[in-house]
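Letters A, B, ... are given to chains in the order of the sequence lines, protein chains preceding strands, and every chain is numbered from 1.
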2 protein chains.
Amino acid sequence: MAHKVVNRSTPGILKCMALAQVRDVAKLAGVSPATVSNALNHPERVSASTRQRIQEAIDELGYVRNDAARQLRAGSNRAVGMILLDVGNPFFAEVARGAENQLTTSHRPLLLSNSNQDAEREAAQLGLFEEQRLAGVLVTPVGNVLHRLRRLKERGTAVVIVDRKTGADEFSSVSVDDKLGGRLAVDHLLERGRQHIAMVGGPQNLRQIKHRLQGAQQRVQQSDSATLTFHETPTTDVAAGRLATLDILAKPRSTRPDAIFAANDLIALGVLQELVRAGVSVPDDIALIGYDNIQFSASATTPITSIRQPAEEMGSRAAELLCDVIDKPGAPVQHTVFQPEIVVRESTTGA
Amino acid sequence: MAHKVVNRSTPGILKCMALAQVRDVAKLAGVSPATVSNALNHPERVSASTRQRIQEAIDELGYVRNDAARQLRAGSNRAVGMILLDVGNPFFAEVARGAENQLTTSHRPLLLSNSNQDAEREAAQLGLFEEQRLAGVLVTPVGNVLHRLRRLKERGTAVVIVDRKTGADEFSSVSVDDKLGGRLAVDHLLERGRQHIAMVGGPQNLRQIKHRLQGAQQRVQQSDSATLTFHETPTTDVAAGRLATLDILAKPRSTRPDAIFAANDLIALGVLQELVRAGVSVPDDIALIGYDNIQFSASATTPITSIRQPAEEMGSRAAELLCDVIDKPGAPVQHTVFQPEIVVRESTTGA
DNA sequence: AACGCTTATTAAATCGTTTCAATTCTGCTC
DNA sequence: GAGCAGAATTGAAACGATTTAATAAGCGTT
């Protein structure tokens, strides 16, 4: 009898089990590819007995679905991507954890990546996400990416902004009132009798930091004696805090601040390290307050007062909003704004 | 004149620019889809003038390649995946950073995810990676996933094990000599005159921790007076360290250890917190040594002596090995074993 | 045994890109 | 201007899954 010639290198199983596909599974189970697909994606459509036979064939062959093909046909991808400003910062790690937990309950894989606060990297990552036709993206914008985000949205990818409220109501967002945070910090310092505050913080093009500074300035202006200076740092890590502190300590003693407000806790830790090394007493000589309330600020040489942001909750809420956007495309955009809280520790109060 | 009927909703640009594809670009640029593809993937095959025309069409339409289709046809994916034990642990974050930097130079996107030391999550992540036919995977195994990794390898996905040398020479790996690390830690404590050491550490099924314990035990056995007890914790975070410490402090004072060896720095920080809170002097009453030398251990209440692992280097080396495996499939497996070093700080020496 | 009616299964079309082989075009030599 | 090499371009066939609409099978009723 004549056989149709099969164009694959047919010895199949023997040759190289690298490429088992639905049709192999189907053949082994004695059904059609369509049935295999149904068994996988709509189990209720296929009888229990064939389902089992198919499962056995799958196990036997070690079949793993080719996601590219699936996606191409399905036209969509369940996964969502998240671009972090900096994985090395425990604050963002915690936000990511919150998002991940939430997404896991929605059975959506999360792809993490980080921009390192580099607009170019961010753009590259967005490009990847775009090419992958992800269901959604969680992003803390660093560069000028609004047009990219718009394009993503037009393409049907949901977008939620994390840790920053965009002016326009284009995207749902999760954020924290950074101006309030800045005010809280300064308020606390003034209450403790400090008058000359130095704020140390990463590049001003980071919205969050700019707002914290603005809040701080507002509060300072309400007092007629207090002063605020801003020491801009190129990055937001421990090293930045150390360098800035060296600068501050190099000044004549008379112009030294009596309090330092660090734009985040990593910077605060750096500041603390150099103050300790220079023999400056915290808080007696200089009080120190950080931002983010990462867990390490509580166990620092001198436990650091900090402005708490509900990191994990922010992540999970962002993920929740994202799922909303994905699942109900018509729904209005939503903004969740969290309130920062001050967590007072020794670095501003003394032992 | 008669037109062939196009099956797409043709108003195209007007209707919804969501779906510009090669054929739209081709039409606008007055060439065939094949040429567009060539312009994108093999620019040298297409003349400068058409290349430019195509580029203009792409910009005009906002065309973004559909990666699923590309992959399906190409059969491969440049991206590599990495499964971290815990993003919240700065050590792993730093390893990831190293890998990411290295991979960026090879123009390979990195997909991060974390298993949270949960075998089930790990398996799920591996499943995703498998379905995506990634070029390679960097993984620190937690569950029993050797068979999955083998399958990945058979399928053509490169695998490199991070932070653990598998017995068999199946996969290239990057690791640190954890037994030596354990010995170094105990050695240092004994040298400082400590005799009764308590090791506090996460689940023993984590290879790294088991090895650190073994190394510690070996060293203790070389002394006839020293003792070592092991306090197993279910996790490897700050909270675990705190809980274990409460247990230790609950014991009668006479049986208290005079030194604690924490299996990592997060645990060490937790231990330190509870010791401080209980008024136990570090290192006078109890010396403390951690592991990983994360940057926060240097700025703790009492700076913590720690065993340094070259995190970033490990990540970049792992990525390098992975690229080797991907690019030269025939090459032999390679193992890079880093040596840990002790970084001495106050927590074992006094001020 | 013919009839509806539900349930299981399948053949064939499709997703959007890349690639191969074939074709057209270009410029150049003799 | 015929002949030709090489470059530029293209039509049509993949890639591997899913889906739709159609077919087959089962099953109780009359």
Next item on the list: Between A74(B) and L40(A), just flag the one whose closest nucleotide in DNA chain D comes earlier from the 5' side.
Entry: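 Here A74(B) is the residue nearer the 5' end.
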
Between atom [atom1] of [X] and atom [atom2] of [Y], what is the distance when rounded to the nearest 0.5 Å?
X	Y	atom1	atom2	answer
F129(A)	L138(A)	CZ	CG	9.5 Å
L112(A)	F92(A)	CG	CZ	13.0 Å
R70(B)	L72(A)	CZ	CG	14.0 Å
R151(A)	T157(A)	CZ	OG1	11.0 Å
E170(A)	K153(A)	CD	NZ	6.0 Å

Item checked: Partner set under salt bridge (Lys or Arg N to Asp or Glu O under 4.0 Å) for R108(A), not counting sequence neighbours ->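 So R108(A) forms a salt bridge (Lys or Arg N to Asp or Glu O under 4.0 Å) with D327(A).
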
Item checked: Listed partners of R45(B) passing salt bridge (Lys or Arg N to Asp or Glu O under 4.0 Å), at least two apart ->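 Listed in chain order: nothing, the list is empty.
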
Margin query: Across nucleotides 6-11 of chain C, 5' to 3', mark each nucleotide with B, S or - according to how protein heavy atoms within less than 4.0 Å reach it.
Written below: --SBBB

Length of the line joining [X]:[atom1] and [N]:[atom2], which is rounded to integer Å:
X	N	atom1	atom2	value
R78(B)	dT17(C)	CZ	P	20 Å
L72(A)	dA14(D)	CG	C1'	12 Å
R51(B)	dT9(D)	CZ	P	10 Å
D67(B)	dC15(C)	CG	C1'	14 Å
R65(A)	dC15(D)	CZ	C1'	17 Å
R23(B)	dT14(C)	CZ	P	11 Å
R155(B)	dG16(D)	CZ	C1'	13 Å
I58(A)	dA17(D)	CD1	C1'	13 Å

Using only side-chain N and O atoms of [X], determine if any of them is under 4.0 Å from OP1 or OP2 of [N].
X	N	value
Y63(A)	dG16(D)	no
R70(A)	dC15(C)	no
H42(A)	dT18(D)	no
N41(A)	dT18(D)	yes
R73(A)	dG16(C)	no

